Amino acid sequence: MPSRDVTIASASGLHARPANLFVQTVNGLGLRVTIQKEGRPPVDARSMLGVMTLGAKHGEVVTLAANGDGAEAALDTLVAFLSIDHDQPAA
Amino acid sequence: MSIRGIGVSPGSVYGPAVVVTTALITPPGERSDDPAAVESAVAEALESVAADMEARAARAEEHAKPVLEATAMMARDPGLVFAVGSFAADGHGPVDALYLAVEQYCALLAGLDAYMAERQTDLRDVFQRAAARLLGRPAPGVPEFDEPSIIVALDLAPADTATLNPERVLGIVTEAGGVTSHTAILAAQLGIPAVVRATGVLSASPETLGLDGATGEVVVNPDAGVAAVLGARNEHRLALQAVAQGPGATRDGHRVQILANIGTVDDAQRAAKADVEGSGLFRTEFLFLERTSAPTVEEQTATYTAVFEAFAGRKVVVRTLDAGADKPLAFADLGAEDNPALGVRGLRLQRERDDLLTDQLTALARAREATGAEVWVMAPMVATAEEAAWFAARCRDAGLPTAGTMVEVPAAAIRSGHLLAACDFASIGTNDLSQYLFAADRMNGALAHLLSGWQPALWELIVATVRGAEGKPVGICGEVGGDPLLALVAAGAGVSSLSMAVGKVGSVKVSLARHDLDTCRAMLDAVLASTGPEQARAAVVDLLDAEVAELLA
């Protein structure tokens, strides 16, 4: 199954607003995606509760995995998303 | 049957009672050997809760939508259904499986920061709503009702009040809560007559209710005679209010400005329609709380502009950000404190995070420029003359000419002359001033007697503040400001404006209009000569105009 490691860029981590935006992005892809922090089981990335309770902080590495058609492109999109600080208002 | 509670929003009404369900559902400990059926039953209940929350969000006012939408999103969370599935596989019945799934997530949320910990409340609310559906019980919260009614509850949650339609709610009665509870504040803002602490009203299972939100009287299943008296009393009050319109003044023409407390753009638009001379307290926290990054100058400017436009040509007193460890901000977290009420909050936080204050003052100056409103700006939690001067200088540098100080700390009251040397006005926040004067936590119901607005020691400080101000305006913007009897004592003390929930404006104006300034001064003297709050109130009631005494005391 294709997977990618990415470092969380948002200043507050994968917290309220960034987590919400991330889950919305995943749901927009229409694929089953999991997100995992090292040493913990993977969680459904479409689940706000799962993503929030992952407790991924700024600077921590998470692993994304997806299956099916377009999985590689979907993972690229999500890696790009998590590499941006969503706590900074867009200029 | 008659019950005496605490009146928190004036007006007397009679009508059918609608009882809000508050009995919490606990897991019954049921087992099931059909996990697939359990999972699909729970998923169906969760989906119907989500749909209901979305429908409510669509009807709710702007400020209430996020709470309801967040609840809908939780109910539809695939992670929740997944967890239910695993508990169902262990043989748990539907309510138990959902309960265990919710509590599993709550335990995880509790271990994160304050923002996440609060999401437990939303999640447990989802459990209660879905469990009620699974058990065929009425949903928690306010049931649907057809004719205008009186809402009866233990207390009302923000999610309940967010969707209340004020035109269909005649009155509110709660068993719990106090004068500063969410229910009391909201009722007074919307002008809905309300009584809190009406002990025994729920167990009386009322069909109809009469209530007087000024005196705190609640009558269960009143006969026609009582209903008629309540109606007549309301007519009488409205008639008196009709002749007390326009700027606030005593009978002999001593002016006391009557202003509204507001906290959102919705509030401002509602309050601006009332017969008030402006806003004496615009709380700006709603722009900052419950978010992960500070609002931009542009966003703040747009909001302040909307508020100032609502009050075009009138005065708006803006209180700059009043946050701290008790009202934490994700983007300005200075760490946990042992005593948040005594910690880095209000102006103290603003000095630590100068960038936040700079942005806020810039936005206020731009909005003032755009609207030509009479904008006064004041800082919360000022304790010393140095702090007051620092803040006033920051306001003037930003292009805001009228700068003032809140008086909430006894040190500020005692030295008001020194604080006001650099400021144009002061506003007394009586709720916090009482808390710090009596060393009594506002959130601790057991200490409520110390926090009464009738405490003579509180009035000593108010008198000292006015005396030190030497003619500069001193207003009151706490609970005291909206009490029709304490308003007279305030006028006697030389307080120049009173700011209150908009629903209290009518009673306060009537009360002022029926008394001379000399009587108000005699009332102040009587309060200062009293040994405690009960004696102080009784002494003022003795001096009251007979009609006001009958209607308001």
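Heavy-atom basis, side chains included; hydrogens, waters and symmetry copies ignored. Please read all numbers here as calculations on a predicted model, not as lab measurements. Order of the sequence lines sets the chain letters (A, B, ...), proteins ahead of strands, with each chain counted from 1.
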Original post:
Taking atom CD of B:Glu369 as the centre, does the number of heavy atoms from other residues, nucleotides or ligands within less than 6.0 Å exceed 12?
Top reply: no

Original post:
Does CG belonging to B:Asp355 count more than 12 external heavy atoms closer than 6.0 Å?
Top reply: yes

**OP:** Considering only heavy atoms, give the residues of residues 35-52 of chain A separated from chain B by less than 4.5 Å, sorted numerically, with 'none' for an empty result.
**Re:** A:Asp44, A:Arg46, A:Ser47, A:Met48, A:Leu49, A:Gly50, A:Met52

Original post:
CZ of A:Phe81: more than 12 outside heavy atoms within 6.0 angstrom?
Top reply: yes

Original post:
Crowded around B:Glu299 CD? As in, over 12 foreign heavy atoms under 6.0 Å?
Top reply: yes

**OP:** Could you tell me whether B:Tyr99 atom OH has more than 12 heavy atoms of other residues or ligands within 6.0 Å of it?
**Re:** no

